[in-house]
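Have a look at the structure below before the remarks.
Predicted model, so just to flag it, every value in this text is computed and none were measured. Starting from 1, each residue takes its place in the sequence as its number.
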Amino acid sequence: MHDDVPLETTRHILDHCLGLHLQRAARVAARRFDEALRPLNLTNGQFELLVLIRRTPAGRIAAVAERLGRDRTTITAILKPLTQRGLVAVTVNPDDSRGRTLTLTPTGKDLLAAAIPIWGRFHSRTEHLFANNEAHLLRRSLTTLSQI
């Protein structure tokens with residue numbers, strides 16, 4: 001096997017690849033949010049799902065997956081412990097018996113209400129890492145990239 005790829009090329013890719021930098025930043029940020037939400041026995045992914053379900057009551061799993069940029073299998077895996085804890089109710093979609101809808105239970109609403117201040121404090125500290133309007137620009141840029 002030949003070593004045809006120059007080291008300069010791999011160095012350039014590692015320094016400039018948007019995909020690599022985005023994935024690394026996303027993993028690190030998700031781990032940090034996981035740590036912040038750990039006292040409530042929630043992960044960042046579970047928190048995002050609770051927020052989205054609260055915003056869109058009776059959301060369909062496929063629509064939730066699309067909104068979060070995840071596949072249905074991942075949503076189902078994130079959802080399982082939430083349903084086991086009695087935080088989310090999964091019911092048959094009245095418009096399509098093959099589909100399922102998601103709603104927060106009263107316990108889920110209480111946990112979300114407890115999680116939001118924790119998220120808010122951590123989110124605020126994270127945004128303060130950026131100068132001036134950079135956090136807004138980053139959100140706008142990430143939104144643009146997510147629409148590719």
Side-chain angles (χ1 to χ4, degrees), residues 1-90 93 98-105 107-109 111-148:
M1 182 140 213
H2 293 85
D3 191 8
D4 294 340
V5 179
L7 289 176
E8 298 78 31
T9 300
T10 57
R11 186 175 304 120
H12 176 80
I13 292 169
L14 291 174
D15 289 345
H16 294 91
C17 178
L18 289 174
L20 173 71
H21 286 277
L22 285 167
Q23 288 178 346
R24 182 175 37 213
R27 285 190 296 267
V28 169
R31 273 197 309 269
R32 299 270 160 65
F33 276 98
D34 284 348
E35 291 167 12
L37 294 166
R38 187 169 290 129
L40 297 177
N41 195 27
L42 277 179
T43 66
N44 183 55
Q46 291 169 339
F47 175 75
E48 291 171 349
L49 187 54
L50 292 175
V51 169
L52 185 58
I53 294 169
R54 177 64 183 110
R55 183 167 186 252
T56 313
R60 293 186 323 274
I61 291 178
V64 167
E66 184 178 327
R67 177 76 168 105
L68 292 178
R70 296 175 182 254
D71 59 50
R72 289 175 57 136
T73 307
T74 302
I75 294 300
T76 301
I78 294 170
L79 187 59
K80 186 175 181 179
L82 298 176
T83 58
Q84 289 173 339
R85 290 175 63 187
L87 303 172
V88 175
V90 180
N93 183 338
R98 296 171 297 167
R100 301 291 177 262
T101 58
L102 309 173
T103 53
L104 291 185
T105 65
T107 305
K109 290 176 183 177
L111 184 64
L112 179 59
I116 287 173
I118 293 170
W119 171 86
R121 287 188 297 274
F122 185 77
H123 188 265
S124 180
R125 286 197 313 263
T126 303
E127 277 208 345
H128 280 89
L129 296 172
F130 296 93
N132 304 323
N133 201 25
E134 287 177 342
H136 171 72
L137 294 173
L138 176 60
R139 264 190 298 278
R140 193 170 73 195
S141 296
L142 292 172
T143 298
T144 299
L145 281 172
S146 70
Q147 295 171 356
I148 295 176

Please give me the minimum heavy-atom distance between [X] and [Y], naming the atom from each residue.
X      : Y      : value
His128 : Ser124 : ND1-O, 2.6 Å
Val64  : Leu49  : CG1-CD1, 3.2 Å
Leu112 : Arg54  : CD2-CB, 3.6 Å
Ala36  : Ile118 : O-CG2, 3.1 Å

Say you draw a straight line from [atom1] of [X] to [atom2] of [Y]; how long is it, rounded to the nearest 0.5 Å?
X      : Y      : atom1 : atom2 : answer
Leu111 : Lys109 : CG    : NZ    : 13.5 Å
Gln23  : Arg27  : CD    : CZ    : 5.5 Å
Ile116 : Leu37  : CD1   : CG    : 10.5 Å
Thr83  : Arg100 : OG1   : CZ    : 12.5 Å

Any chance [atom1] of [X] has more than 12 other-residue heavy atoms, nucleotides or ligands included, within less than 6.0 Å?
X      : atom1 : result
Asn132 : CG    : no
Arg85  : CZ    : yes
Glu127 : CD    : yes
Arg139 : CZ    : yes

Determine yes or no for a side-chain-to-main-chain donor-acceptor pair under 3.5 angstrom, with [X] supplying the side chain and [Y] the backbone.
X      : Y      : answer
Thr105 : Ala89  : no
Thr9   : Val5   : no
Thr10  : Leu7   : yes
Asp71  : Thr74  : yes
Thr126 : Phe122 : yes
Thr43  : Asp34  : no
His16  : His12  : yes

Side chain to side chain, [X] and [Y], heavy atoms closer than 4.5 Å:
X      : Y     : result
Leu42  : Leu82 : yes
Thr101 : Ile61 : no
Thr103 : Val90 : no
Ile13  : Leu20 : no

Exercise. Mind checking side-chain hydrogen bond (donor to acceptor under 3.5 Å, both in side chains) for His21 and listing every partner two or more places apart, or none if nothing turns up?
Key: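 Arg24.
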Practice problem: Go through the steps for Leu104 and Leu87 under the test side chain to side chain contact (heavy atoms under 4.5 Å, CB included), then give the verdict. | Solution: CA-CA 6 Å; Leu104 291 185; Leu87 303 172; 5.8 Å; no
Quiz prompt | side chain to side chain contact (heavy atoms under 4.5 Å, CB included) between Arg72 and Glu66, worked out | solution = CA-CA 8 Å; Arg72 289 175 57 136; Glu66 184 178 327; over 6 Å; no
Exercise. Evaluate the side chain to side chain contact (heavy atoms under 4.5 Å, CB included) criterion for residues Leu142 and Leu22: first the C-alpha distance (whole Å), next the side-chain angles of each, then the deciding distance (0.1 Å), finally the verdict.
Key: CA-CA 9 Å; Leu142 292 172; Leu22 285 167; 3.3 Å; yes
Quiz item: salt bridge (charged side-chain N to carboxylate O under 4.0 Å, His left out): which pairs involve residues 42-51, sequence neighbours left out?
Solution: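 Matches after skipping sequence neighbours: Glu48-Arg70.
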Quiz prompt | Pair Phe33 and Phe47, ring centroids less than 6.0 Å apart | solution =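 Phe33 vs Phe47: aromatic centres not under 6.0 Å.
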